[in-house]
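Residue numbers begin at 1 in each chain, while the letters A, B, ... track the order of the sequences. In what follows, every heavy atom counts, from backbone to side chain, and hydrogens, waters and symmetry copies are set aside.
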Amino acid sequence: METTSPPSSERSDFIREIIAADLREGRHESVVTRFPPEPNGYLHIGHAKSICLNFGIAEEFGGRCHLRFDDTNPIKEEQEYIDSIEADVRWLGFDWGEHLYFASDYFEQLYEWAVHLIEAGKAYVDDLSADEIRQHRGTLTEPGRESPWRDRTIEENLDLFARMRAGEFPDGSRVLRAKIDMASPNINFRDPVMYRILHATHPRTGDAWRIYPSYDFAHGQSDAIEHITHSICTLEFQDHRPLYDWFIENLPVPSRPRQYEFARLNLTHTVLSKRVLLRLVNEGHVRGWDDPRMPTLSGLRRRGFPAEGIRDFAAMIGVAKADSVVEVEMLYHAVRDVLNRTALRRFAVLKPLKVVIENYPEGEAEEIEVINNPEDSSAGTRQVPFTRELWIERDDFMEDPPKKFFRLAPGREVRLRSAYFITCNEVVKDADGEIVELRCTYDPETRGGSAPDGRRPKATLHWLSIAHAVPAEVRFYDHLFENAHPGSDGRDIFDDLNPDSETVLHHCFVEPALSDAPPGETLQFERLGYFCSDADSTADAPVFNRTLTLRDTWAKLQAQGKQNSA
RNA sequence: UGGGGCGUAGCCAAGCGGUAAGGCAGCGGACUUUGGAUCCGCCAUGCGUAGGUUCGAAUCCUACCGCCCCAGCCA
């Protein structure tokens, strides 16, 4: 099968250029990157961009990429998140081999390095409260003031820091700070906090520690310990780079990593803020982290998005330093592109309308051979039962059709895909005038879907034998957020939630082969879209999620009101 | 009125002094047993603005404008 994935050899961006130059000019012999999630939530499509970047670079340059959890804040972190993150990175298609690490693995080393800084007179224990520290920090335009505890003796600092570790002091009573420059225009240099006291149980170290290092004091050193060559992070850390370098330069670390920053992903109709995603889950706006409307990897997976589509998307959007908002349509395109090539075609009727073929013998049934994927002949064919009474899609019939409606109408002949041509002779209605049944005739000469005389109907419909159809529930998904830029112009982000992001249809039908469709495989319901079996399916009640619709030019014409124009 | 970044089409993004890639979206058309897919064509005399340097500027210089990030004991 042909693959249309973007050629990675041609892909380049400013980070890959830097790495290529570093290798070419001998600054490094090989490249080592890392993906460093904090286990305080589930991974989302924005993380996928970073994962594809870091693991992709390692693959392309023959290096390696570590998975390292940045687990320095036990208050927010949980084992559940660690497990889900590992599963999601694997699902996306990447492998860290033996290189699974945790910042918490380095707590002892980090502690020693903190002592090293104290001994060098470059760190001190501060007794100021969080509030007082904030007041001393100054503002963006005014320098800060030095803490009265800034000039304690090394001995006193050493003693206090050891007692902080021993758990002698309550949370918030003291911190260890780097002694740098309270007047620096870079606020990160105004004596940043290195350690805080937290009497919290850590998912990995349990109650071994009562003090925990801050991000700034842990990240760069963790990179150095692992011999990371290129530490790639998002733009908001640019201001931290001088501090990252300061710790590296003032500590006896085993290697000299460099930090590079790129713009994080933003998507229209989507929110990628961990804080908001957590609220969506906790406040019940969705059913969980893996709700098919969520931009989490687990949500996208449940929705039926293949990992390959997400990887292709990441390659498509590129990597740069300008803030940007990518239109979700680009993601949809990447996903459809993969699904079109790979998804097996099946028949399903979402809004059924009964068709009786008057000249087809009662009680007879035949097997119709149907192609599984016209894009992939190796996918083969399957048999679908055909009988006198069929379901077709309600939307495929109009009693009084506009000019551009090509489907079934009174007196009109259409093709039933892979089966026969049928002509509608009569419309049967109930007492309310509702169409309940179509009386049609078929042309036995057209078996397989083509006529000996070469006539060709303008439309081809999907269909299901009523006697064989399997009832199913189908869930339709739309943007979780109505507005392209949720929360923009000062609106509350939650006011932008789309009340119709999920709609459920209960009386749908699918072909017999789908009665036990395995979850995890996305199918195409011909002419309708891509769907996948949901985890909520049971033996007698299959449930399908609509992954995406097919491109639908008829729907577009209707929306534009052009269906009647010549 | 500090510091750090960024401005190329509706969106993403190449471009690295030699005359504006590519993709998404959109629009036209061909083909079609999915109104799908595929194929073909169109879509920036212009690169935030104004000056300057140069034979030549999106690329270099100057000034200005706009947007983003930083005042957690979050990451």
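Candidate nucleotides B:C73, B:C6, B:U34 were compared by shortest atom distance to the side chain of A:A322, and B:C6 ranks first. Closest contact between the side chain of A:I187 and the listed nucleotides B:A71, B:C16, B:C12 involves B:A71. In the set B:A25, B:G35, B:G4, B:G35 carries the atom at the smallest distance from any side-chain atom of A:L557. Listed candidates were B:G35, B:C6, B:A37. Nearest to the side chain of A:R551 is B:A37. Across B:U32, B:C27, B:C73, the shortest atom-to-atom separation from the side chain of A:Q560 is found for B:C27. With B:G35, B:C70, B:C11 as the choices, the nucleotide that has an atom nearest any side-chain atom of A:T460 turns out to be B:G35.
Here A:D70 lies in heavy-atom contact (under 4.0 Å) with sugar-phosphate atoms only. Using a 4.0 Å heavy-atom criterion, one finds that A:K458 contacts no nucleic acid atom at all.
Taking only distance into account, the side chain of A:R407 meets the base of B:G35 through a donor-acceptor pair shorter than 3.5 Å. A donor-acceptor contact under 3.5 Å links the side chain of A:H240 to the base of B:A75. A donor-acceptor contact under 3.5 Å is formed by the side chain of A:E375 with the base of B:G36.
Remark: A:K556 is in phosphate contact with B:G26, judged by side-chain N or O atoms under 4.0 Å from OP1 or OP2. For A:R134 and B:G72, the shortest distance from a side-chain N or O to OP1 or OP2 is below 4.0 Å. Between A:S214 and B:A75 there is no side-chain polar atom (N or O) within less than 4.0 angstrom of OP1 or OP2. For A:R456, a side-chain nitrogen or oxygen approaches OP1 or OP2 of B:U32 to under 4.0 Å. For the pair A:R196 and B:C74, the criterion of a side-chain N or O lying under 4.0 Å from OP1 or OP2 is met. Taking side-chain N and O atoms only, A:S324 has no distance below 4.0 Å to OP1 or OP2 of B:C11. Between A:R336 and B:A37 there is no side-chain N or O to OP1 or OP2 distance below 4.0 Å. Between A:R137 and B:C73 there is a side-chain N or O to OP1 or OP2 distance below 4.0 Å.
Both stacking criteria are satisfied for A:W554 over the base of B:G35: a centre-to-centre distance under 5.5 angstrom and an angle between ring planes under 30 degrees.
Counted within 6.0 Å of CH2 on A:W149, heavy atoms from surrounding residues, nucleotides or ligands total 12 or fewer; the atom is thus considered open.
Using a cutoff of 4.0 Å between basic side-chain nitrogens and carboxylate oxygens, A:E226 and A:R34 are not scored as salt-bridged.
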For the pair A:K321 and A:Q238, evaluate side-chain contact (heavy atoms from CB on, under 4.5 Å) and give the outcome as yes or no after the intermediate values. CA-CA 11 Å; A:K321 296 189 76 167; A:Q238 284 175 123; 3.4 Å; yes
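A cation-pi arrangement, defined by a distance under 6.0 Å to the six-membered ring centre and an angle within 45 degrees of its axis, is present between A:R165 and A:W209.
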